[in-house]
Each structure stands twice: as C-alpha cells, then as structure tokens.
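Below, read A as the first sequence line, B as the second, and so on, with proteins coming before strands; counting in each chain starts at 1.
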Amino acid sequence: MKFSVMVNEGPYTHQASDSAYQFIRAALSAGHEIFRVFFYHDGVNNGTRLTTPPQDDRHIVNRWSELASEHDLDLVVCVAAAQRRGIVDPDEAKRNSKDGDNIAPGFRISGLGQLIEAGIESDRLLVFGD
Amino acid sequence: MKFSVMVNEGPYTHQASDSAYQFIRAALSAGHEIFRVFFYHDGVNNGTRLTTPPQDDRHIVNRWSELASEHDLDLVVCVAAAQRRGIVDPDEAKRNSKDGDNIAPGFRISGLGQLIEAGIESDRLLVFGD
Amino acid sequence: MLHTVNKSPFESSSLKTCLSLARSGSDVLLIEDGVYGALAGSTHSPLVTEALEAVRVYALEPDLKARGLSGDRLIPGIEVVGYDGFVDLACTNDKIQNWL
Amino acid sequence: MLHTVNKSPFESSSLKTCLSLARSGSDVLLIEDGVYGALAGSTHSPLVTEALEAVRVYALEPDLKARGLSGDRLIPGIEVVGYDGFVDLACTNDKIQNWL
Amino acid sequence: MSKAKKFMYINRHAPCGTVYAVEGLEVVLIGAAFEQDVCMAFVGDGVFQLKQDQDTADTGMKNFSPAYRALGDYEVNRLYVERESLEERGLTEDDLMPLTWEDEDDDWAEKPSIHIVDRAQLSDLIEEQDILLNF
Amino acid sequence: MSKAKKFMYINRHAPCGTVYAVEGLEVVLIGAAFEQDVCMAFVGDGVFQLKQDQDTADTGMKNFSPAYRALGDYEVNRLYVERESLEERGLTEDDLMPLTWEDEDDDWAEKPSIHIVDRAQLSDLIEEQDILLNF
C-alpha cells in the first residue's frame with residue numbers, strides 16, 4: 001500500500017514528529033511504500049540542520065535525514081510555511097536575500113501542490129500534528 | 001513599574017508572540033520599564049533572521065528586532081530550548097560545530113537563569129504561550 | 001490577583017480550571033481565543049455568569065474585534081479593555097497567573 | 001473508516017467531537033495524549049464505554065506505556081495495538097480522519 | 001490522471017489564535033487548481049472562521065477573513081457548517097459571512113456557498129470523502 | 001539580593017505529548033540554584049506527570065520521569081497535587097511516584113515530597129505566591 005504522511009508540528013514540542021517517524025518505520029517494515037512526507041505549519045521546523053538536542057535524547061532531525069537516506073524518502077517542506085518560520089535552502093536564501101541557509105540533508109522545499117499530489121497519488125494520507 | 005515577559009510560542013503559529021509584542025508596546029507607552037523578554041519552548045523561533053513572511057503581513061521577527069533597538073530591550077533566547085530547535089548565534093555555532101548561525105539582530109542566547117532572574121528582579125512577570 | 005485565559009472554552013478546559021481556582025475578588029482577563037468565553041448565549045455562558053458573582057471578568061477589545069465579536073454579544077457584566085487596560089490590570093494586581 | 005485522536009479528553013474536546021461524528025462501525029485509535037481517553041474510572045470513561053457499542057476503540061501501546069498506563073487500567077473492550085497494528089488499521093480502513 | 005478524489009477540509013480552529021485557519025485556507029486555494037472534488041466543513045470552533053465583521057487592525061495581525069469570499073471563484077462552493085456547533089456558541093447563520101458563488105450552468109446565478117447541516121448529515125458527508133485534512 | 005520570592009511552578013500538561021513537562025522541569029532544576037522559595041503544583045493533566053512506571057522506550061522518546069526523583073536533592077520538596085484532578089482521572093495517590101526528600105534539620109529523615117491538596121487549599125496556595133509559571 002502507498003502511504004503519504006503530513007507532519008504539522010516541529011521537533012520536541014509536540015509528539016507529532018515522533019509519532020509520524022514511528023508510523024513510517026512500521027509501515028516500511030511491513031513492506032509498504034511511503035510516497036511522500038509533507039511538513040506543514042510548524043512541521044517545517046523538522047527540516048533545520050542547526051539543532052543540537054541533549055546527547056542523551058533522540059536527534060529528531062538527523063533521524064529524518066537518515067531514514068530518508070536509507071529508504072529514499074521524499075521529505076518535502078512547504079515553502080510558504082517555511083518562509084514564515086525561517087527554514088531556507090540555498091535557492092530560497094538567494095531569492096529572499098538571506099545570508100545563509102539551514103535546510104537539513106534529505107529535505108527539499110516545495111509548494112503546497114506537493115501535498116495535494118500526495119493525497120491524489122497515495123492510497124492513504126495520515127496527518128500528525130497538535 | 002518593571003515588567004518581564006516570557007514568550008513560549010514561535011511566530012505566526014500562535015498569537016502569543018503578537019500578544020506579547022502589543023502588551024510590551026502598551027507598557028512602554030504608559031512609561032513602564034521592560035526588564036527582559038525571555039523566549040522559551042517554541043518561543044525561541046522568534047529569534048531567527050531567516051524568515052520571509054508574505055509582504056502584506058507583519059514581519060514578527062523584524063518587529064521584535066526594531067522594538068529592541070528603539071527601546072534597548074533585552075531579548076533573551078533560552079539556550080537549551082534553542083539547541084533543540086535550531087536557533088544558534090556565532091558562539092553556539094562554533095561550540096556545536098554548525099556551519100552557520102541564524103540569530104536575529106537584538107536577540108541574545110543565554111541560560112534559564114535569566115528567566116529566574118527576571119522573575120526576581122521584576123515587579124511583574126507575564127507569560128504568553130499556547 | 002490577575003488571571004489570564006487565552007483559550008476557547010469550547011475546545012479547552014483552561015477557563016474552567018481558572019474559574020475553579022481563582023479566589024473571590026480576583027480579576028480574570030480573557031485574551032486571544034479566550035475571548036470566546038465572553039460570548040452570551042453559549043453553552044459556557046452560565047459558567048461565566050456564575051463566576052461574575054465572585055470575580056471581575058474582562059475581555060481584550062482588540063481580540064474581540066479581530067474575531068468579529070462586538071460588545072452587544074457579550075455576557076452582561078464583562079468589562080471590555082484595550083492593551084492599556086491590560087497593562088493597568090497587570091499593575092494593580094500584585095501577581096499574575098497566565099493559564100496557558 | 002479510521003479516526004485517530006491524539007489529545008487528552010480532560011483538556012480538549014477532540015475525543016468528544018470525534019465520537020459525535022464517527023459513524024457506527026468506525027475504528028477509533030487513541031494515540032499520544034489521546035490514550036488518556038482509554039482510562040477506566042475517569043469522568044470521561046462513560047463517554048467511551050457508550051461509544052464502544054457503536055465503534056471499535058483501540059489504544060496505542062507504546063503511548064500507553066510511555067505514560068505509565070497498563071492494560072488492567074483500561075476500559076474493558078478497548079483493544080491495545082502497536083505501531084504495526086496502527087499500520088494495519090490504516091490499511092484495512094479505506095480512509096482516515098485525524099482529529100488534530 | 002485517475003478519477004478525481006473527494007477532498008474535505010475540516011476547519012476546527014478559531015481564526016486568529018492560531019495559524020491553522022489561514023494556512024488551511026492556503027491549502028484549499030492551491031488545491032483548487034487540481035480539479036478534485038472539494039468541499040469544506042466547519043465544526044467546533046471552526047465555525048468562528050466564518051464570523052462576520054472580523055477586524056484585526058488593533059492586534060497588528062493580518063485580516064485574512066476576506067479571502068473566504070474568494071473561495072467561490074475557485075469553485076470551492078460547498079461549505080458545510082455544523083448546526084450544533086453554531087448553537088453551542090450562541091451563533092446563528094446570520095452571524096456568518098454571506099459567501100456565494102456563480103453557477104455557470106445556471107446563467108451565472110449567484111448561489112449561497114454556506115450550507116447549514118446537522119451532525120448526522122455532516123457525519124454522512126465525512127464518510128463520503130477520500131481525503132480528510134483538518135485545519 | 002532582596003528577600004526571597006515565592007515561585008510556584010504549576011504543571012498542567014501531560015508528560016509525553018508535549019515538551020512542556022520536561023522543559024518545565026529544566027526551569028525548576030535551574031531555578032533551584034537561586035535560593036528562592038520554590039514549590040510545584042500539579043493540576044489537571046499535570047498530575048499524569050507523576051504517574052508511576054512511565055516507560056518511553058517503544059516511542060523512541062527520552063524518559064525524563066526519573067528526574068522528578070532528583071527534585072528532593074535540589075530542595076524542591078513541596079509538590080502539591082490537586083485531589084480533584086486525580087479523582088477526575090480515576091487515579092489515587094498510590095498511582096504516583098513516591099517522591100521524598102531528606103530533612104537535614106531532622107537528622108536527615110526521609111519525608112514525602114508529594115502533598116495531596118484539595119481545590120480550595122490549592123487556591124489558597126496560589127494566592128500566596130509571587131511568581132507563577134505554568135508548564
């Protein structure tokens with residue numbers, strides 16, 4: 001079965017990002033396909049490489065990057081939501097005259113159409129948030 | 001009267017940052033002193049200079065930076081909360097081997113002791129959050 | 001003592017918890033989505049009307065207007081204040097409990 | 001149809017709204033703080049017990065354990081599942097409504 | 001592309017205290033370009049999103065409520081509002097913005113977009129959908 | 001420094017669904033160094049923070065609940081738990097972690113840190129404070 005997952009909250013503050021991660025791992029273990037993970041609202045904050053959580057805690061951002069690398073996941077950060085919250089990739093940095101970027105490996109910034117497409121192309125769309 | 005204000009949510013997602021800003025403006029207008037504004041939990045996300053909100057909307061981060069500059073406000077971002085969420089200044093970037101920083105002008109990163117001190121030194125402590 | 005409530009009573013238990021713990025004579029200020037607690041004729045109005053016998057209840061005008069709520073829709077006895085009034089309430093009360 | 005609820009019924013109206021709109025025969029999965037809705041002997045237990053006559057209610061075991069809730073404290077009739085069971089529920093139901 | 005899917009956007013948050021309403025509206029407007037079968041539901045505090053006379057000037061926040069009037073132009077013209085949610089909040093249909101759309105199949109007649117439905121009807125409508133997103 | 005202020009940390013959120021409990025605990029532990037008059041209250045879902053046997057292993061989240069046991073060492077030894085909040089949730093005092101502290105003025109006798117108080121008592125305690133922070 002083909003799943004897409006939407007994540008609406010940032011790392012640590014709400015359990016949403018943890019739940020989405022565990023669900024996706026379980027789905028992959030069961031042999032299902034993950035078409036896309038779409039990060040919206042504060043969920044875009046999962047996509048910054050500048051976090052340094054306490055050493056005895058899970059590293060939520062790195063965990064997403066590693067899962068994406070292992071399973072060739074498509075991690076999409078919504079551009080409009082990212083602009084409001086300060087998540088930028090090199091292209092966005094250039095377009096908006098920022099002096100740097102903070103996107104984490106494995107994430108890409110794109111439009112809301114990617115969410116609608118995920119809804120259309122997937123068998124199921126699950127949402128995790130506040 | 002000497003106020004301190006704690007802000008527990010990031011820009012746009014919750015009204016907390018807007019409410020805190022309006023309260024502080026009104027307090028300053030009435031001749032009161034703002035001892036400190038302390039950003040905790042997702043509130044640390046107010047302190048990134050990488051946001052680019054829609055042009056017809058308020059720019060929450062710049063508004064804080066400008067108010068700090070006009071009134072010499074002490075805007076403190078909690079270091080522990082900031083590490084979890086990816087808000088870094090040049091010192092933090094160096095300490096945690098990050099390849100850049102994103103702190104906005106007028107904000108500084110410091111410890112939770114600054115919140116307790118604000119509680120001790122101020123006549124009133126107000127909190128805005130989720 | 002000043003209490004602030006910033007959540008809708010229809011979706012969150014904050015207002016109820018606040019009113020159950022605020023002592024007689026307290027000031028309760030409704031801000032942000034908390035101003036929906038000031039609406040007359042709702043399922044939560046009786047809770048607020050009853051509370052008005054023991055505490056003063058205020059609602060923040062900019063947040064009321066932002067949500068399209070005008071004074072004539074509010075529970076009688078609720079006082080409408082601006083941010084300047086919010087600052088005054090924070091001065092006249094010696095401590096503040098924000099029910100977040 | 002699968003419904004998920006992730007908020008505590010004591011602080012949020014999500015579970016109540018979900019149960020008022022879930023049709024007979026639906027699956028309702030409690031996750032995150034939503035698992036508190038599975039607790040027996042609480043003020044919200046009757047709501048869930050009544051709902052069990054029309055819908056199946058599941059609670060996510062990792063989230064129960066994280067909160068120190070064991071099976072013997074749950075409302076009888078609630079089924080405990082792991083993430084693998086969550087995935088199965090998302091497969092067997094043709095659509096999903098996440099009450100966020 | 002395969003047959004259109006039925007998308008329902010369920011609005012359950014009040015308009016100003018959180019960003020969900022405005023960012024939800026952005027999804028609906030973008031999604032309208034995909035020629036799917038789209039409707040919206042307003043439940044719980046979501047009914048406050050349609051309240052008339054919202055004026056955010058004194059909060060410094062952007063007033064996005066006029067954007068609901070654009071929905072008709074995007075062919076999003078089925079807005080279901082739960083009657084019980086209105087009643088619990090002491091509101092009536094007259095409190096809501098008068099949203100309309102023009103029906104090109106009926107000589108561009110202006111028709112109301114808002115439909116007041118009761119809980120049982122809304123429950124049936126939810127059951128008919130393929131994709132459900134909450135804002 | 002002037003006379004110590006009375007700080008009360010009011011815990012109102014469940015422990016795992018949001019970060020408020022753990023980041024609140026960090027404030028309490030740091031704040032303990034400032035030699036103020038500190039207590040904690042657990043109200044509403046906050047009482048779940050003290051539930052015994054929390055085991056987050058299968059969620060991948062950090063289990064911070066053992067940190068409550070350190071509070072006594074930081075001289076944070078007045079933890080007021082609202083009786084009505086426990087009852088509404090079907091909990092009793094036996095469901096809570098047995099937190100204690102050692103009283104150096106009483107030959108290091110081990111004493112309970114948790115005090116079950118009713119709503120009226122908690123209301124009085126809140127009124128006695130100078131600084132109130134909610135987590």
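Neither the backbone nor the side chain of E/N63 comes within less than 4.5 Å of any heavy atom in chain C. Looking at E/E87, the atoms closer than 4.5 Å to chain C (heavy atoms on both sides) all sit in the backbone: N, CA, C or O.
The contact list for residues 50-61 of chain E toward chain C, using heavy atoms and a distance under 4.5 Å, reads E/K51, E/Q52, E/D53, E/Q54, E/D55, E/T56, E/D58, E/T59 by residue number. Chain C is approached within less than 4.5 Å, heavy atom to heavy atom, by E/E88, E/R89, E/G90, E/L91, E/D95 from residues 88-108 of chain E, ordered by number.
Once rounded to the nearest 0.5 Å, the distance linking CG of E/D45 with NZ of C/K7 reads 12.0 Å.
For the options C/P62, C/A40, C/G34, heavy-atom pairs under 4.5 Å to chain E are most numerous at C/P62. Between chain C and the options E/S65, E/G17, E/S85, heavy-atom pairs under 4.5 Å are most frequent for E/G17.
Between E/F48 and C/Y36, the two ring planes are parallel [angle under 30°; tilted spans 30° to 60°].
Here the closest heavy-atom approach between residue E/C16 and residue C/A66 is recorded as SG-O, 3.6 Å.
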